[in-house]
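Note on naming: letters A, B, ... go to the chains in the order of the sequence lines (proteins, then strands), and numbering restarts at 1 for each one.
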Number of protein chains: 2
Amino acid sequence: MTSDPGLRQRKKMRTRQALIESALRLFAEKGYDQTTVAEIAATADIATRTFFSYFDSKDDIVFFDDRSRLERAVEIIGERQPGEPVADLLRRVIDQSVFADTDSELARKVGPARTRLIASVPALQARELHLLFDIQLQLTEALHLACPELDLVEAAAAVGSLVGAIKVVVAACQKRGNRPEQTYKAVQRATDIAIDGLNSLPRPA
Amino acid sequence: MTSDPGLRQRKKMRTRQALIESALRLFAEKGYDQTTVAEIAATADIATRTFFSYFDSKDDIVFFDDRSRLERAVEIIGERQPGEPVADLLRRVIDQSVFADTDSELARKVGPARTRLIASVPALQARELHLLFDIQLQLTEALHLACPELDLVEAAAAVGSLVGAIKVVVAACQKRGNRPEQTYKAVQRATDIAIDGLNSLPRPA
DNA sequence: TGTAATTTTGCATTCATTGACGTTTTGCAT
DNA sequence: ATGCAAAACGTCAATGAATGCAAAATTACA
């Protein structure tokens with residue numbers, strides 16, 4: 001299955017790669033809205049029409065490595081040791097898929113720039129949230145399978161609560177311009193709060 | 001401030017209303033993608049160009065009452081009794097803003113149809129998630145203000161965890177085609193899980 | 001009324017996205 | 001090697017959302 005790329009596949013991959021690199025470079029240079037699909041295609045030496053057989057939409061290209069991140073996450077969940085607490089399992093998932101550079105060097109290369117790009121373009125924010133949402137649904141299924149003691153609702157709540165806490169905390173940090181250091185600490189705190197529950201929050205003085 | 005609408009304002013409101021009704025009716029009849037902005041405008045007897053001075057985009061019109069829902073929520077948070085547990089406060093927010101028909105009869109009228117519509121159109125799902133996300137950021141601020149014992153990260157985690165759990169659970173329920181009855185119960189369960197934390201989940205047998 | 005402020009509109013334009021259809025490449029079997 | 005079928009690509013044309021602009025219409029107010 002993972003054996004023969006074949007000329008066809010190799011060529012497709014190269015084209016795909018070229019499109020991704022062209023797009024991200026142009027977005028960085030001229031901004032997302034100022035870059036047209038036609039330009040991206042031209043820069044990668046591809047017909048405009050063909051762009052859409054590689055990516056469903058202009059914004060999709062920014063999230064080229066989402067699929068592999070998801071696959072990694074599902075894999076981790078599938079390898080759960082029977083009896084391992086759900087909280088521990090999900091902690092590992094967060095660390096090793098969300099905050100790891102899953103998809104080759106390219107992901108690491110564009111990492112921070114991409115983050116800034118997404119934060120600054122509403123259309124990309126929306127796309128990201130939508131993708132993340134789909135991912136959560138799939139994680140829910142995987143978790144439900146790997147943890148027979150959880151019904152579907154419990155699995156969904158677990159995933160939603162953890163991811164939701166982290167996502168909002170990260171956004172709040174970015175909004176106030178925190179350093180990555182601070183943001184990372186905040187993510188840890190968010191994780192703990194999701195795991196220990198809202199009742200673990202400080203009480204009024 | 002809330003006194004004189006004036007002819008101008010009244011007219012604008014009527015136009016807005018007309019646009020909303022036309023749009024939702026057409027979406028229901030022919031489907032979202034098959035309905036053009038031009039048709040919506042024509043049905044409401046205004047110029048196509050004018051549509052965009054009432055709504056920023058075609059999908060915005062579906063979420064016409066989001067603003068008032070948010071305002072209601074922020075209001076509730078602002079009225080928090082000092083010493084009231086955060087969990088209790090947020091429970092009330094969920095009940096009275098998310099699951100209440102805030103914006104007049106219109107909201108109630110379109111409720112279920114709109115839910116189905118959003119679920120079936122990817123563009124609307126994305127828009128909804130984006131709006132919901134913004135809402136969460138604003139709730140975070142409001143909560144931080146109303147609860148001095150919470151720092152910003154804690155407030156964000158609280159909101160994110162609760163809303164996240166509910167959102168994913170609702171989606172999971174819809175996906176498997178649960179009845180509203182079932183879904184409502186699931187929301188309660190999701191709320192409890194967010195409040196009590198992932199550690200409150202059933203342990204492996 | 002007359003004038004300023006605000007809205008509405010028509011028009012042109014840009015650009016993402018899609019469908020139909022013909023052409024080129026590649027994989028594979030003979 | 002040769003030929004066929006499928007996969008990929010490209011051309012052309014069309015649709016429809018979204019935006020800028022300036023003229024026309026409407027409303028507010030002195």
Side-chain angles (χ1 to χ4, degrees), chain A residues 1-20 22-24 26-27 29-64 117 121-128 130, chain B residues 1 3-20 22-24 26-27 29-64 117 121-127 130:
Chain A
M1 282 199 182
T2 35
S3 52
D4 60 320
L7 177 56
R8 204 165 236 163
Q9 295 305 315
R10 258 178 296 142
K11 212 170 184 180
K12 275 188 84 163
M13 256 180 213
R14 250 181 295 140
T15 302
R16 184 187 150 86
Q17 205 74 358
L19 280 174
I20 294 173
S22 301
L24 293 181
L26 289 172
F27 291 162
E29 286 172 4
K30 332 181 8 180
Y32 180 81
D33 288 323
Q34 288 67 45
T35 304
T36 70
V37 172
E39 284 176 295
I40 299 172
T43 305
D45 258 302
I46 295 285
T48 303
R49 184 66 178 83
T50 306
F51 174 95
F52 291 99
S53 63
Y54 280 87
F55 300 95
D56 288 339
S57 65
K58 179 181 171 185
D59 37 48
D60 256 5
I61 201 172
V62 173
F63 305 97
F64 62 92
L117 181 68
V121 182
L124 294 180
Q125 288 176 43
R127 189 83 185 99
E128 183 189 40
H130 195 195
Chain B
M1 286 197 179
S3 53
D4 60 321
L7 176 55
R8 208 162 237 169
Q9 294 305 315
R10 258 179 295 143
K11 213 168 182 178
K12 275 188 87 162
M13 252 178 216
R14 252 182 292 143
T15 302
R16 183 186 151 88
Q17 205 74 359
L19 279 174
I20 294 172
S22 300
L24 293 180
L26 288 172
F27 291 161
E29 285 172 5
K30 331 180 8 180
Y32 180 82
D33 289 322
Q34 288 66 45
T35 303
T36 69
V37 171
E39 284 177 295
I40 299 171
T43 305
D45 257 305
I46 63 165
T48 303
R49 185 65 181 81
T50 307
F51 175 95
F52 291 100
S53 62
Y54 279 88
F55 300 95
D56 287 340
S57 66
K58 180 181 171 186
D59 36 49
D60 257 5
I61 201 171
V62 173
F63 305 97
F64 62 92
L117 181 67
V121 180
L124 294 181
Q125 287 176 46
R127 189 85 185 96
H130 196 200

Quick one: which of [options] gets closest to the side chain of [X]?
{"X": "B:Ala47", "options": "D:dC9, D:dA17, C:dT9", "answer": "C:dT9"}
{"X": "B:Lys58", "options": "C:dG10, D:dC9, D:dA17", "answer": "D:dA17"}
{"X": "A:Arg49", "options": "C:dG10, C:dT18, D:dA17", "answer": "C:dT18"}
{"X": "B:Lys12", "options": "C:dT8, D:dA17, C:dC15", "answer": "C:dT8"}
{"X": "B:Thr36", "options": "C:dT9, C:dT7, D:dA17", "answer": "D:dA17"}

[X] [atom1] - [N] [atom2] separation (whole Å):
{"X": "B:Glu39", "N": "D:dA17", "atom1": "CD", "atom2": "P", "result": "9 Å"}
{"X": "B:Phe52", "N": "C:dT13", "atom1": "CZ", "atom2": "P", "result": "19 Å"}
{"X": "B:Asp33", "N": "C:dA16", "atom1": "CG", "atom2": "P", "result": "18 Å"}
{"X": "B:Ile40", "N": "D:dG16", "atom1": "CD1", "atom2": "P", "result": "12 Å"}
{"X": "A:Phe51", "N": "C:dC15", "atom1": "CZ", "atom2": "P", "result": "15 Å"}
{"X": "B:Lys11", "N": "D:dT26", "atom1": "NZ", "atom2": "P", "result": "7 Å"}
{"X": "B:Met13", "N": "C:dT6", "atom1": "CE", "atom2": "P", "result": "18 Å"}
{"X": "A:Arg16", "N": "D:dA8", "atom1": "CZ", "atom2": "C1'", "result": "16 Å"}

Revision key, fill the gap. Separation between NZ (B:Lys12) and OG (B:Ser53), nearest 0.5 Å, reads 7.0 Å
Revision key, fill the gap. d(B:Leu24 CG, B:Phe64 CZ) to nearest 0.5 Å is 6.0 Å
Give [X] one of three labels, base, sugar-phosphate or nothing, depending on what nucleic acid heavy atoms sit under 4.0 Å from its own.
{"X": "B:Tyr54", "result": "sugar-phosphate"}
{"X": "A:Phe55", "result": "nothing"}
{"X": "B:Thr35", "result": "sugar-phosphate"}
{"X": "A:Ser57", "result": "sugar-phosphate"}

**Study point:** A:Thr50 side-chain N/O to D:dG10 phosphate OP1/OP2 under 4.0 Å
**Key:** yes
Check your understanding: Checking side chain to side chain contact (heavy atoms under 4.5 Å, CB included) for the pair A:Val62/A:Arg127: CA distance, chi angles, key distance, verdict?
Key -> CA-CA 9 Å; A:Val62 173; A:Arg127 189 83 185 99; over 6 Å; no
**Study point:** Within 45° cone and under 6.0 Å: A:Lys58 NZ/CZ vs A:Phe52 ring
**Key:** no
Review point. Of B:Arg8 and B:Ala38, whose nearest nucleotide on DNA chain D comes first from the 5' end?
Key: B:Ala38
Study note, to complete from the structure: Nearest-nucleotide check on DNA chain D, B:Asp59 vs A:Thr15; residue mapping nearer the 5' end is A:Thr15
Point to revise | Identity of whatever pairs with C:dT30 - Watson-Crick or G-U, under 3.5 angstrom | key: D:dA1
**Study point:** Side-chain donor/acceptor of B:Thr15 to backbone N/O of B:Lys11, under 3.5 Å
**Key:** yes
Check your understanding: Which heavy atom of B:Leu19 sits nearest a heavy atom of B:Ile61, and at what distance?
Key -> O-CD1, 3.5 Å
